[in-house]
Amino acid sequence: MEYQLDMHVEMLLGQYRERLPVYERMAQLAYEALRRALDAQHVNVTTIEHRVKTEASLAGKLELKGGKYHTLNDVTDIVGMRVVTFYSADVDKVAAIVNELFDVDWSKSVDKRKLHRLDSFGYNSLHYICKLPKSVVNEQDMPLLNELSFEIQMRTALQHVWSTLEHDTGYKVAVKIPHEYQRQFNRLAGMLELVDEEFNRLRNILTDYRRQMLALEASGQLDDVDLNVDTFRRYLDMHPFARLNQRIAAINQAELYPVSLMPFLLVLQKLGLETLGDVNRLIEEYSDDAYRLAALQLGATELDILSDNIGIQNLCYVYVIKRGGGVAGLCQVFDWLNGYDAGNMALAQKLFKQAQTLTFNQ
């Protein structure tokens, strides 16, 4: 592509070619430093991109705005990074880390989130102009690494998607867009901005909820802790079924090998247990009968390796039998655990027949 460039712009492009190795080194060093810092702070982001503006791209920019730049140092986005987060609150976390890690030029940095225009959603990002401090890199043979600026854009995933869609549809072009289409764009932007805010609000609510549940667990008030994926996983970390497992394993002097007990969450919920207190009572009230049922099944075998779901498995069996679920109830347990299978009914019938020989505690 032919560019209409004056002597000043040609000089800037010549400087760009000379500095290209510095720009490429700077881009990689800035990316690696920020990536390490985000990982160290456990900030989860969806994307970190880095690039050096191509000569063609820079030439196009200088052709349009060459008079604005007295020196190549005035072009602050030749090296650019973009950090895309899941939540709007995380944009501020990333910004704080960037401020701590790099030297930020506040006079040139922009918080476009403060525009508050109806059509600004896709551009509501933070733009920081930074330099690499010597604490990040100090290479005597390449001092420009600490002197040249680079840009970091920080935005949410929805803002990034919207910006891409605007660009793809040609919304921000010189051609005048009819008012009705502008209005539709603005309505969609407003909806996405609301979704962005609601996701952030919902995450805050769930974070508070988890903290409350952890506090209740720590205080022993398990009746107030709902039985769900998060709470059951943490409950399992306390190994609540270990004592019953060891009693059952002792029948045949068997070894226990670990398996996930998370599949039993669905079974417990289907059986009507709603809190961790309900699970605790299941263990306290049904462990002796669960042990006896397991002993009946294992006593005539020589099994010396058992999975450590043996305890919770027999607790569920006993719970169903003692509550009158019968063969159909046991078959449901097998279906929930293993998926529907015609053989589950035969297994349920055999187990129920064995259980009839026992007198369970009342």
Please output the side-chain donor-acceptor pairs of residues 34-48 that fall under 3.5 Å, not counting sequence neighbours, one pair per line with the distance.
from : atom 1 : to  : atom 2 : distance (Å)
R35  : NH2    : D39 : OD1    : 3.2

Could you go through residues 258-281 and list every donor-acceptor pair under 3.5 Å that involves a side-chain atom there, pairing it with any protein atom two or more places apart or in another chain?
from : atom 1 : to   : atom 2 : distance (Å)
S260 : OG     : M262 : N      : 3.2
Q269 : NE2    : L227 : O      : 3.2
T275 : OG1    : G277 : N      : 3.2
T275 : OG1    : D278 : N      : 3.1
D278 : OD1    : R281 : NH2    : 2.8
D278 : OD2    : E274 : N      : 2.8
D278 : OD2    : T275 : N      : 3.2
N280 : OD1    : Y235 : OH     : 2.4
R281 : NH1    : D223 : OD1    : 2.9
R281 : NH1    : D223 : OD2    : 3.3
R281 : NH2    : D223 : OD1    : 2.8

Side-chain donor-acceptor pairs of residues 141-151 under 3.5 Å, sequence neighbours excluded:
from : atom 1 : to   : atom 2 : distance (Å)
N146 : ND2    : L132 : O      : 2.9
N146 : ND2    : V137 : O      : 2.9
E151 : OE1    : Q153 : NE2    : 3.3

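Looking only at atom types and distance, the side chain of T71 has no donor-acceptor partner in the side chain of N73 under 3.5 Å away. In this structure, a donor-acceptor pair under 3.5 Å is absent between the side chains of Q332 and N344.
Applying the salt bridge (Lys or Arg N to Asp or Glu O under 4.0 Å) test to every pair with at least one member in residues 301-319, sequence neighbours left out, gives no pairs at all. Under the ring-ring contact (aromatic ring centres under 6.0 Å, His included) criterion, the residue pairs touching residues 300-359 are Y286-Y319, Y317-F334, with sequence neighbours excluded. Within the structure, no pair that satisfies the salt bridge (Lys or Arg N to Asp or Glu O under 4.0 Å) test touches residues 326-348, not counting sequence neighbours. The salt bridge (Lys or Arg N to Asp or Glu O under 4.0 Å) pairs that include a residue from residues 236-251 are R247-D288, where partners are two or more places apart or lie in different chains.
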Inset, instruction - Apply the test salt bridge (charged side-chain N to carboxylate O under 4.0 Å, His left out) to residues K322 and D289: give CA-CA distance (whole Å), side-chain angles for both, the deciding distance (0.1 Å), then the verdict. - result: CA-CA 10 Å; K322 292 186 69 172; D289 288 330; 3.0 Å; yes
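With hydrogens and angles disregarded, no donor-acceptor distance shorter than 3.5 Å links the side chain of H127 to the backbone of M154. Proximity of a side-chain donor or acceptor of S57 to a complementary backbone N or O of K53 within less than 3.5 Å is not detected.
A search for salt bridge (charged side-chain N to carboxylate O under 4.0 Å, His left out) contacts involving K131 returns nothing, not counting sequence neighbours. Judged as a salt bridge (charged side-chain N to carboxylate O under 4.0 Å, His left out), and not counting sequence neighbours, the contacts of E49 are R82. Qualifying side chain to side chain donor-acceptor pair (under 3.5 Å) partners for Q313, counting only residues two or more places apart in sequence or in other chains: none. Residues forming a side chain to side chain donor-acceptor pair (under 3.5 Å) with R201 (at least two apart in sequence, or on another chain): E198. Take S135 and apply the side-chain contact (heavy atoms from CB on, under 4.5 Å) test, not counting sequence neighbours, and it matches P133.
Test L303, I248, L315, L244 against I310 for side-chain contact (heavy atoms from CB on, under 4.5 Å) and you get one pass: I248.
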